[in-house]
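Step one of this worksheet: look at the structure below.
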Amino acid sequence: MPAAAQKYIDAPFFKTLTAIALPLALQNLISYGVGLADNFMVGSLGDAALSGVLISNQVQWILSMLCSGLGAALVILAAQYFGRGDTARAKMVIMITIKIAFAAGALLTVVVSIIPRQILSIFSSDPGVIAQGMRYLPVVCLTYIFFCSNNMMLASMRCVQNTRIGFFSSLTAFTVNVFLNWIFIFGHFGFPAMGVRGAAIATLIARFLEFSVTFIYVRFGDKILSIKIRDLKLWNKTLAGDYFKYGFPVILGDITWGIAGSTQIAILGRLGPQVLAANTIAANLQQLLGVLVYAIAGASGVIIGRTVGSGDIDRVKAYSRTLQFVFLSVGIITGAVIFLLKDFIINLGFKAISPEAYTYAIQFLTVFSVMIIGTSYQMSVLTGIVRAGGATSFVLINDLIWVWTVVIPSALLSAFVFHFPPVVTFACLKCDQIFKCSVAFIKLHRWNWMKKLTR
């Protein structure tokens, strides 16, 4: 490491990275656990029930990508304002984002309530799967407003390097969800066994309590932003314009990922409920075991954004060089864990699935164990460094090119033209995670992505 960089990469740097990333990883671990708890327990009801919950949650997936984009745009802009010491403008950006997220959640709730069956039929043509989805989706759509609002409040806390509250709110949701799943799905304490509808009711209650914990902390516990209900009236036309100018590529990029993810499910759904069930298992375990990857990327975005905002370019370069090695190391470790534990976890939690679904799940997780190494490097570099540094349009264009010219076309050809085995189609859907590593490396070392977005 060059001598100029060594003075920046010291104990305080790694302490800050760990202080942000570790609680964020725990939060993500428990948050993904809410969905995994549904799948573990619903999985005991068979392939159709498991697949019905999966296709219902595709709406949630798109919404979560929207929230991810809104939150990332918030962090990019607000973190730079915090970096230059302008808390008032950072707070205004946060309030603008919360109102947008609330409106999005409310709108999607209305749409899903009106046409649930038509939405489910996009992802599967199996009558049994759709029937199970109809028992789940009309209830779980009521969680969208709580989910959106909670995510924006947690994003605002990341800007001030406070990720602990996310851990506690997610822990609340996980604990409540598992307990109520046990009661409502299988019928305990005098309640009837409601199956997948019981899982949806448990998720609704858990999401409400998760939101409540975060709201109480943000309103009464946080001393830096000190957000109050009357702050919802805050608005600044110029800052709103900046938010959409710099944030639109981020938001559109994450929405595109959400649509692409749902398109992938639609492709796999046409290959049968066993393939769909296997993907449900693989995707949940990959999310659960990949939490450190996403947490490191999120923490890096906060650190890089604040440092770019302060104007210390030498420090930004030093941090970026070191973070690359962190990303790659985390990816290799995560991939090894997924590969070694895949059989154990599937045998532990999904005993009721068919032998065919089990075989597909093992194959899919083997692919994941390799692809997560690429994800850890390229995703963290592009979203945790390049995008947080201000080059938001580049990341969007790069994602659009890979998804719609390589990933989706190759998967369609594999599944419906050449009729390759499902694992080949699955690998096509994940291949960009490796290919984009070269793009990430070249873009990072050109150093043309550092842009101050503040006024």
Side-chain angles (χ1 to χ4, degrees), residues 26-61 63-64 67 105-106 108-109 112-113 116 120 129 131-151 153-154 165-217 277 280-281 283-285 287-288 291 345 348-353:
L26 292 172
Q27 174 205 328
N28 289 339
L29 180 67
I30 298 170
S31 183
Y32 292 144
V34 174
L36 188 61
D38 279 353
N39 289 324
F40 264 132
M41 295 183 171
V42 170
S44 65
L45 304 178
D47 291 351
L50 189 59
S51 298
V53 171
L54 171 67
I55 64 172
S56 299
N57 281 332
Q58 292 315 295
V59 182
Q60 174 82 28
W61 166 251
L63 185 63
S64 69
C67 288
L108 194 58
T109 300
V112 172
S113 298
L120 292 169
V129 172
Q132 292 292 339
M134 283 298 296
R135 292 177 55 80
Y136 187 86
L137 184 59
V139 176
V140 87
C141 73
L142 301 177
T143 67
Y144 296 161
I145 292 176
F146 303 125
F147 178 81
C148 290
S149 302
N150 184 68
N151 273 272
M153 289 189 291
L154 293 180
I165 182 57
F167 166 71
F168 290 111
S169 65
S170 296
L171 182 61
T172 300
F174 176 77
T175 305
V176 171
N177 191 56
V178 170
F179 180 65
L180 293 182
N181 271 346
W182 179 71
I183 293 176
F184 296 147
I185 293 176
F186 306 111
H188 294 283
F189 295 127
F191 287 91
M194 292 183 279
V196 295
R197 186 179 294 276
I201 294 172
T203 300
L204 173 60
I205 297 171
R207 290 297 184 197
F208 172 73
L209 293 175
E210 178 185 44
F211 163 80
S212 300
V213 170
T214 304
F215 175 79
I216 291 171
Y217 179 84
T280 304
I281 296 167
N284 276 277
L285 294 181
Q287 283 185 326
L288 197 66
V291 290
I345 297 177
L348 179 67
F350 297 97
K351 295 179 180 178
I353 63 172

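Contact between V112 and C141 at its shortest, heavy atoms only, is CG1-CB, 3.7 Å. Across all non-hydrogen atoms, the minimal contact from A206 to A173 is CB-O, 3.4 Å. Between P116 and L137, the closest heavy-atom pair is O-CD2, 4.0 Å. Annotation for A200 and Y136: closest pair CB-O, 3.5 Å, computed over non-hydrogen atoms.
Here the side chain of T109 pairs no donor or acceptor atom with the backbone of L142 at under 3.5 angstrom. Checking side-chain atoms of S169 against main-chain N and O of G166 turns up a donor-acceptor pair under 3.5 Å.
Within a 6.0 Å radius of CZ in F208, other residues, nucleotides and ligands contribute 12 heavy atoms or fewer.
Contact of the M153 side chain with the F215 side chain is registered, since non-hydrogen atoms from C-beta on lie closer than 4.5 Å. Residues T172 and F168 fail the side-chain proximity criterion, which asks for heavy atoms closer than 4.5 Å. Residues I145 and F211 have side chains not in contact (no heavy-atom distance under 4.5 Å, counting atoms from C-beta outward). At least one side-chain heavy atom of I165 sits less than 4.5 Å from a side-chain heavy atom of V213.
From S56, atom OG reaches atom CD of Q132 across 9.5 Å, with rounding to the nearest 0.5 Å. Atoms NE2 and CG, from H188 and L180 in turn, are 12.0 Å apart once rounded to the nearest 0.5 Å. The CZ atom of R207 sits 10.5 Å away from the SG atom of C148 when rounded to the nearest 0.5 Å. Distance check, rounded to the nearest 0.5 Å: OG1 of T203 to CZ of F146 gives 13.0 Å.
With sequence neighbours excluded, the residues forming a side chain to side chain contact (heavy atoms under 4.5 Å, CB included) with T175 are L171, listed by chain and number.
The aromatic rings of F189 and F179 are tilted relative to each other, their planes meeting at an angle between 30° and 60°.
With respect to T143, the side-chain contact (heavy atoms from CB on, under 4.5 Å) criterion is satisfied by exactly one of L63, L204, I205, N150: L204.
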Return a table of donor-acceptor pairs under 3.5 angstrom between the side chains of residues 190-197 and protein atoms on other chains or two or more places apart.
none

